[in-house]
Protein chains: 2
Amino acid sequence: MIREQLVAPSPTDLTAFLLRHTRTRDCLVQVAGLAEVTYQGRAASTADVGSYLVLLKRDGSLQIHAPKGVKPMNWQPRTDEITARVEDGQCVLLASRRSRVEQVRVVFLEAQLAQALELSEEAGFVLSGSEAQMQDALARHPDLIEPGLRVLNRELLVESGGIDLYAQDAVSQLARYVASVQRMVGSVVVRGILAAPSITTPARAQLEGRGFEFREVQALPAVVSASTQPGLFEA
Amino acid sequence: MIREQLVAPSPTDLTAFLLRHTRTRDCLVQVAGLAEVTYQGRAASTADVGSYLVLLKRDGSLQIHAPKGVKPMNWQPRTDEITARVEDGQCVLLASRRSRVEQVRVVFLEAQLAQALELSEEAGFVLSGSEAQMQDALARHPDLIEPGLRVLNRELLVESGGIDLYAQDAVSQLARYVASVQRMVGSVVVRGILAAPSITTPARAQLEGRGFEFREVQALPAVVSASTQPGLFEA
DNA sequence: TAGTCAATGTCGGGG
DNA sequence: CCCCGACGTTGACTA
């Protein structure tokens with residue numbers, strides 16, 4: 001799985017290494033070492049000389065990691081062209097895009113490690129808990145909001161945006177929705193319940209000020225202990 | 001700069017390695033190999049067995065990279081606790097957060113490579129082209145919007161939000177601003193100019209419908225050729 | 001291809 | 001600690 005590894009390669013060797021693997025694009029390429037990084041495109045950035053970790057993936061994406069944070073210091077999502085060359089005795093890596101004109105330039109002052117790894121094809125990956133899934137699950141199992149709740153008109157509920165948990169103005173949206181339903185049903189009492197995994201303090205105050213309720217729905221089973229209510233996405 | 005490197009370590013060795021380095025948190029730790037990853041927290045996800053690259057940074061952040069994309073397949077921004085242990089003869093890495101309860105679990109079925117790299121302290125990093133810088137630059141050099149433009153009252157211009165290039169409703173905001181200035185200056189003609197790096201088609205239509213103008217301001221010097229106008233952030 | 005919108009958004013600043 | 005807002009947001013979906 002380690003296709004190739006160079007320890008402290010010379011600029012020439014590193015350049016050749018990069019060219020070899022970026023041409024085939026069949027490996028995940030990494031370089032760690034002292035470098036200087038600049039970016040020009042939608043914005044511009046400069047990173048002083050420091051030790052960074054550079055990742056080149058098979059899809060042509062590039063990312064340069066500083067010692068902290070999940071987010072790379074610099075990146076390029078999908079490059080049209082990646083090249084390496086020797087400039088002034090140093091290996092320079094250029095990654096650029098044409099559609100949106102931008103470029104990342106890495107000057108390696110001292111590479112400590114370069115490696116090419118074979119990663120197998122993408123394996124199956126399933127994510128649950130997105131808004132779409134949540135809407136669907138709540139519409140199917142409204143008794144997760146409160147036992148006994150039934151959906152009288154699912155189309156109305158979903159289409160009118162009655163379930164909109166992430167909207168910034170969820171409270172006023174709820175108010176509008178409640179008002180419109182109230183008009184339709186006449187004298188029957190209409191409650192407004194905002195069901196969400198969480199709520200901010202100001203939002204809660206506003207909600208209760210309007211006489212509405214908040215109901216926490218756990219989208220997923222708790223990590224640590226058994227959940228007190230069934231998770232939405234278990235089955 | 002390579003503090004330690006293990007090639008195809010046993011589960012026991014890998015566990016010890018991970019414990020050693022996560023305890024000190026002074027290195028960037030990498031493991032590449034066959035693994036299975038699950039996440040539970042704000043959402044939940046499962047990744048089938050595949051070969052991934054795991055990165056552990058000094059700040060406790062974790063990311064697991066699949067062969068494609070800038071975005072990690074799984075991640076954890078800043079963990080409260082990272083532990084490793086042997087379970088059923090396999091090394092298991094657990095990264096969890098307490099404030100927001102969530103956890104990433106990596107089961108290494110076959111590690112190919114584990115390494116601990118010393119990255120120097122964060123080096124200087126400067127990004128230019130952000131909204132704040134742009135506001136400032138435009139206030140200082142209004143003639144970038146149109147030669148001859150002068151700022152009559154910078155306080156008013158900046159404080160009233162007169163320059164607000166990223167607001168979703170920039171057009172209506174501009175309208176309000178123009179109206180308020182018009183009231184103040186009386187009979188003098190007031191033009192509304194939206195100066196931004198780009199504009200969407202619908203926004204432009206709305207803008208021109210109200211009799212306002214759009215002026216493209218290049219925030220930065222072009223990558224390829226000499227820019228036709230001086231960049232905002234050059235000096 | 002361009003516009004729109006969710007995201008395990010991440011990250012940093014301010015109360 | 002929580003709330004708020006920017007971001008080179010990215011990425012997926014849709015007209």
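Computed from heavy atoms alone, side chains included, the values below leave out hydrogens, waters and symmetry copies.
No more than 12 heavy-atom neighbours from other residues, nucleotides or ligands sit within 6.0 angstrom of CZ on B/R100.
Looking at A/E213 and A/R215, no side-chain N of the basic residue comes within less than 4.0 Å of a carboxylate O on the acidic one, giving no salt bridge.
Taking the nucleotide of DNA chain D with the nearest heavy atom to each of B/F125 and A/T200, the more 5' of the two is matched to A/T200. Nearest-nucleotide mapping onto DNA chain D: of B/S99 and A/N74, the residue sitting toward the 5' end is B/S99.
With hydrogens and angles disregarded, a donor-acceptor distance shorter than 3.5 Å links the side chain of A/S120 to the backbone of B/S51. Here the side chain of B/K57 pairs a donor or acceptor atom with the backbone of A/A66 at under 3.5 angstrom. Between the B/T79 side chain and the B/G60 main chain, a donor and an acceptor come within less than 3.5 Å of each other. In this structure, B/D88 contributes its side chain and B/Q90 its backbone to no donor-acceptor pair below 3.5 Å. The closest donor-acceptor contact from the side chain of B/T15 to the backbone of B/C91 lies at 3.5 Å or more, if one exists at all. Formation of a donor-acceptor pair under 3.5 Å by the B/R98 side chain with backbone atoms of B/E81 is not found in this model.
Atom C1' of D/dA6 sits at a distance of 14 Å from the matching atom of D/dT10, rounded to the whole Å. For the C1' atoms, the distance from D/dG5 to D/dT9 is 13 Å, rounded to whole Å. Rounded to the nearest Å, the gap between the P atom of C/dC11 and that of D/dG11 is 15 Å. To the nearest whole angstrom, the two C1' atoms, one in C/dG9 and one in C/dC5, are 13 Å apart.
Judged as a salt bridge (charged side-chain N to carboxylate O under 4.0 Å, His left out), and not counting sequence neighbours, A/R23 has no contacts. Under the salt bridge (charged side-chain N to carboxylate O under 4.0 Å, His left out) criterion, A/D143 pairs with no residue at all, not counting sequence neighbours.
Side chains of A/L18 and A/V29 form a contact here, defined as non-hydrogen atoms less than 4.5 Å apart. A/L56 is listed as a side-chain neighbour of A/L93, based on a closest heavy-atom distance under 4.5 Å. Proximity of B/Y39 to B/I64: side-chain heavy atoms (C-beta onward) are nowhere separated by under 4.5 Å.
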Steps toward side chain to side chain contact (heavy atoms under 4.5 Å, CB included) verdict (B/C27, B/E118): CA-CA 5 Å; B/C27 277; B/E118 279 176 54; 4.1 Å; yes
Polar pairs (N or O, both sides) under 3.5 Å between protein and nucleotides 10-12 of chain D?
unit_1 : atom_1 : unit_2 : atom_2 : d
D/dT10 : OP1    : A/R42  : NH1    : 3.4
D/dT10 : OP1    : A/R42  : NH2    : 3.0
D/dT10 : OP1    : A/W75  : NE1    : 3.2
D/dT10 : OP2    : A/R42  : NH1    : 2.8

Produce the list of close N/O pairs, under 3.5 Å, pairing protein atoms with atoms of nucleotides 13-15 of chain D; give distances to one decimal.
none

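One can place CZ of B/R98 at 10 Å from P of D/dC1, the figure rounded to the nearest angstrom. Rounded to whole Å, atom P of C/dG13 lies 13 Å from atom CG of B/L127.
At a non-hydrogen distance threshold of 4.0 Å, nothing from residues 46-66 of chain B comes into contact with DNA chain D. Contacts with DNA chain D (heavy atom under 4.0 Å) in residues 201-214 of chain A: A/T201, A/P202, listed by number.
Residue B/Q76 is classed as having no contact, given no heavy-atom separation below 4.0 Å to the nucleic acid.
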